[in-house]
Amino acid sequence: MITYHSTRGGGSALSSAAAIIQGLAADKGLFVPDTIPALPLPLAAFSDLSYQEVAEAIIGAFFTDFSKEEISSCVHAAYDGRFATDEIVPVRAVGNTHVMELYHGPTSAFKDMALSILPHLMTTARKKCGETGTICILTATSGDTGKAALEGFADVAGTEIIVFFPNAGVSPVQQRQMQTQEGANTHVFAIKGNFDDAQRGVKAIFNDPELAARLAQADIKLSSANSINIGRLVPQVAYYVYAYSRLVKDGSLACGEPMNAVVPTGNFGNILAAWYAGRMGVPIGKLICASNANRVLTDFLRTGVYDTHRPFHLTNSPSMDILVSSNLERLLYALAGDDAEEIRSLMAALDQSGRYEVSAAIRDGLSSFYGGFADPQETLDTIGQVFRTHGYLLDTHTAVAWKVYEDYVRETGDETPAVIASTASPFKFSGDVAKAIGLAAAADEFADLRALTAATGLPVPTGLADLETKPLRHTGIIEKSDMAATVEEVLK
Ligand SMILES: *Cc1c(COP(=O)(O)O)cnc(C)c1O
């Protein structure tokens, strides 16, 4: 059985079910598997499988304490009939490259890939562990996680969900998506601060033993739907295996040849999943980590110094406006040879001085990554250029990835077949996308949705089409210092 332990060495090893319920380890570390399993089937065999079958094989390889039937029922509940395309993740050839469209789920962003299945993994885990109380999901969001988590957990028995988003830090469509959320167990608050404030506040709540004790008296346990939860990370590994198998199937790759992966990155969950796929045995070449103007990861990959002392930019790719990428800790842990002591000292430095520098050994391990960035104007220019050249519409996040990939190819001459992770529907960021392809300014983002449809012939995704007329249910705005009190108030 594969067990899970903290990147900071505290506590004992847990089953995957227990790690999924707990979310974050008690010593503030992240849960990681003791070993990354090898692919459970020969690489060539994946080309004959559907998305659901690939997901079952990959998730089952990690979560060995779940039965085959349990994994299968979670996968089908998550993906069957809930995505706009029959093929859950279409992989399209665009120009000389491939785009893996991860955004056809209910909220039009890639977060649906993991958050459609997490509630099912969690309720199954709860039964397996004999838990009877309420699980309260606490989530900080830069825009997309919040809605996808709300959609996934709404009215799931035995759960409550509380989402905090940065006031004025998300797009109008994202804000409205969250504020109109239905479900008796859903709670949404804007905080006066940025995403990092929200994430810090949530982490502080998780690490408050007195609060946990008070909640335990009411039989309530806190858990996380952020990508720090291993139950979110593992389902994301599946689509890299799937994309590879589709490139083999369409003849773009001979089985066994390397594939580069290009990932628009914020909290480092998506790109870490690609790295895990590589460790399982998928021939992943370079991992191209694309950032926006908040280019802390670009600088880190180039220098080995992670330094958060820099201005925080609100950009047109808001889901990547992040200065502290939590999932990087999992990569550093693996590259340090599972040395928890080293991770504790790096994370203590980050807490105390907002900066750390990694060892030469870790820097060596980072050489399979390339870091680059695009600023907001370059992002818009890329959307316009790709639309004019290929007739293909990118959202702002995917455009960041496209631009960084062009830089990478120009700089290195590396023409290894690549897949670009497309993380959001262009309709989700309709204002900027409309501007980028030269449409006249509309009255608001909702008028932009209609204008985009008129200009491109693409349908507005169902989850966005009725947003304008849905009633607002969640309009609270709170101080960032009031997050813990708000949680207790909601759960009373
Ligand atoms: C969350 C998100 C990202 C960043 O993904 P990470 O796993 O946090 O690196 C990129 N694009 C979109 C649209 C997102 O919602």
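Since this is a predicted model, take the numbers as computed values, not measurements. In listed order, ligands and their atoms are each counted from 1.
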**Student:** Under the salt bridge (Lys or Arg N to Asp or Glu O under 4.0 Å) definition, can you give me all pairs with a residue in residues 94-119, not counting sequence neighbours?
**Tutor:**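 Pairs touching residues 94-119 that pass the test: Arg92-Glu101.
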**Student:** Just how far is it from atom OG1 of Thr315 to atom CG of Asp375, taken to the nearest 0.5 Å?
**Tutor:**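 So the gap between those two atoms works out to 10.0 Å.
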**Student:** Only counting residues at least two apart or in another chain, list the ones meeting side-chain contact (heavy atoms from CB on, under 4.5 Å) with Leu314.
**Tutor:**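 side-chain contact (heavy atoms from CB on, under 4.5 Å) list for Leu314, sorted by chain: Phe312, Asp321.
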**Student:** Answer yes when Asp197 and Lys480 have at least one side-chain N-carboxylate O distance shorter than 4.0 Å, and no when they do not.
**Tutor:**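 Counted as a salt bridge, because a side-chain N and a carboxylate O are separated by less than 4.0 Å.
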**Student:** Can you tell me if Asp466 has over 12 outside heavy atoms packed within less than 6.0 Å of its CG?
**Tutor:**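 Yes - once you tally the heavy atoms of other residues, nucleotides and ligands closer than 6.0 Å, there are more than 12.
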**Student:** List the residues meeting salt bridge (charged side-chain N to carboxylate O under 4.0 Å, His left out) with Arg344, not counting sequence neighbours, and say none if there are none.
**Tutor:**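 Arg344 satisfies salt bridge (charged side-chain N to carboxylate O under 4.0 Å, His left out) with Glu341 once adjacent residues are dropped.
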**Student:** Under a 3.5 Å threshold, I'd like every N/O contact between ligand 1 and protein atoms, with atom names and distance.
**Tutor:**
{"residue": "ligand 1", "atom": "7 (O)", "partner": "Gly269", "partner atom": "N", "Å": "3.2"}
{"residue": "ligand 1", "atom": "7 (O)", "partner": "Asn270", "partner atom": "N", "Å": "2.9"}
{"residue": "ligand 1", "atom": "8 (O)", "partner": "Asn267", "partner atom": "N", "Å": "2.7"}
{"residue": "ligand 1", "atom": "9 (O)", "partner": "Gly266", "partner atom": "N", "Å": "2.8"}
{"residue": "ligand 1", "atom": "9 (O)", "partner": "Asn267", "partner atom": "N", "Å": "3.2"}
{"residue": "ligand 1", "atom": "9 (O)", "partner": "Phe268", "partner atom": "N", "Å": "3.0"}
{"residue": "ligand 1", "atom": "11 (N)", "partner": "Thr423", "partner atom": "OG1", "Å": "2.8"}
{"residue": "ligand 1", "atom": "15 (O)", "partner": "Lys111", "partner atom": "NZ", "Å": "2.6"}
{"residue": "ligand 1", "atom": "15 (O)", "partner": "Asp144", "partner atom": "OD2", "Å": "2.5"}

